[in-house]
There are 2 protein chains.
Amino acid sequence: MASRTNTFSGQYQYSIDSKGRINVPAKFRQSLSPDSDDTFVITRGLDPCLWIYPLEEWERIEDNLRNLSFLRPKERQFIRQIVRWATPAKYDKQGRITIPSTLLEIADLQDNAIIIGYLNKIEVWNPDNLESEAAEVDFSDEEYESLATQNQIRL
Amino acid sequence: MASRTNTFSGQYQYSIDSKGRINVPAKFRQSLSPDSDDTFVITRGLDPCLWIYPLEEWERIEDNLRNLSFLRPKERQFIRQIVRWATPAKYDKQGRITIPSTLLEIADLQDNAIIIGYLNKIEVWNPDNLESEAAEVDFSDEEYESLATQNQIRL
DNA sequence: TATAATTGTGGGTAATAGTGGGTAATTGTC
DNA sequence: GACAATTACCCACTATTACCCACAATTATA
């Protein structure tokens, strides 16, 4: 059974300085790299944001990718699209991380960012993009009701 | 259990100079030749790119090839197709490698290249070719969703 | 409420990473 | 053996990153 130690939630806003550094919420630091060597993995999210995984969580994903066959073009491509954005990183003495410029562009990050705890990972959003994504959602929609029901989500 | 020391990920862009030299990402150098003699193996990829293996990883592949029978024409051919592109190489004092002209042509490499960490190896791509390959991928595609589901890849 | 500890932000400097080119050594060819 | 072509080795320069220190703001503690 999966342990519940590394679960993230909550939302925080931080500035991104001229060197591409952003603070990690103090509450997340322990869960993000429990093994005290301060390492974790930043990568591209499926939505227009970044995802940050604890190292062991990312290794779990990599292990599954290794089971795919390198002989099938589709599977090679699938692996590549996931792995090529993943960058191991550490925080500095102040608990900040430096986000690679490639990833800054991809997530459209400039001066500020919103950090969201998202169960097994952390999300980093451009505040505007997060808002517009949220605006698309309509929770009165039947689609959402059925999603909740099917998955027995009783709020 | 396989060790996790030699796992590659992330994407970097570098120039290829007039001598066919290209830089190896500093983050990869240690994993690429842990035994401090700076040796590794460059070869042709199955996609239109080059693959670079740590020496021991390549030796593992060679060991498997040795188990094939030299008596069967098909197997002789199979071995030949894999082995004949593999070139041992070292980096220079600055951490660059000189790519043989044959392999430069095969991977269609000119002025710039993108280097991708790909689990047990490194890929070297012509930026344009990589982009067109990537354009084929759509993670909302049913094919990819089923790939992820079947292999229990939970991002 | 005062004080101490932690958290978040900014910036300077040293070290490392990346790029280009010259020259010597090696290789292959005639 | 002489020559050209290629490769290996060395040095120099620039850009980027890592590391360090300082300080304000917030939170915890007495």
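Here is the naming used below: chain letters follow the sequence lines, and residue numbers restart at 1 for every chain.
In this structure, V124(B) belongs to a hydrophobic cluster whose other members, linked by side-chain heavy atoms under 4.5 Å apart, are F8(B), Y12(B), Y14(B), I16(B), I22(B), V24(B), F28(B), L32(B), F40(B), I42(B), L50(B), I52(B), W85(B), Y91(B), I97(B), I99(B), L103(B), L104(B), I106(B), L109(B), I115(B), I122(B).
In terms of phosphate contacts, S15(B) brings a side-chain nitrogen or oxygen within less than 4.0 Å of OP1 or OP2 of dT19(C). Contact annotation: R29(B) side-chain N/O to dT16(C) OP1/OP2 distance is not under 4.0 Å.
Rounded to whole Å, the distance from CZ on F28(A) to P on dT7(C) is 14 Å. Distance, N112(A) CG to dG8(C) P: 14 Å, rounded to whole Å. Between I115(A) atom CD1 and dG8(C) atom C1' there is a gap of 12 Å when expressed in whole angstrom units. The interatomic distance linking D17(A) (CG) with dT17(D) (P) rounds to 13 Å, in whole Å. One interatomic measurement links the two molecules: CD1 of I16(B) to C1' of dG20(C), which rounds to 15 Å at whole-angstrom precision. The NZ-C1' distance, from K27(B) to dT16(D), rounds to 12 Å in whole Å. Atom CG in D92(B) sits about 15 Å away from atom P in dG21(C), given to the nearest Å. In this structure, the CD atom of Q13(B) is 18 Å from the P atom of dA15(D), given to the nearest Å.
When distances are taken from the side chain of K19(B) to each of dG22(C), dG18(C), dG10(C), the shortest belongs to dG22(C).
Within a 6.0 Å sphere centred on CD of E142(B), heavy atoms belonging to other residues, nucleotides or ligands number 12 at most.
Comparing Y14(A) and S18(B) along DNA chain C, the residue whose closest nucleotide (by nearest heavy atom) sits nearer the 5' end is Y14(A).
The base of dG21(C) sits with one of its N or O atoms less than 3.5 Å from a complementary donor or acceptor on the side chain of R21(B).
Using a 4.5 Å heavy-atom cutoff, the side chains of L147(A) and T149(A) are not in contact.
The only member of L65(B), L71(B), N64(B) that meets side chain to side chain contact (heavy atoms under 4.5 Å, CB included) when paired with L68(B) is L65(B).
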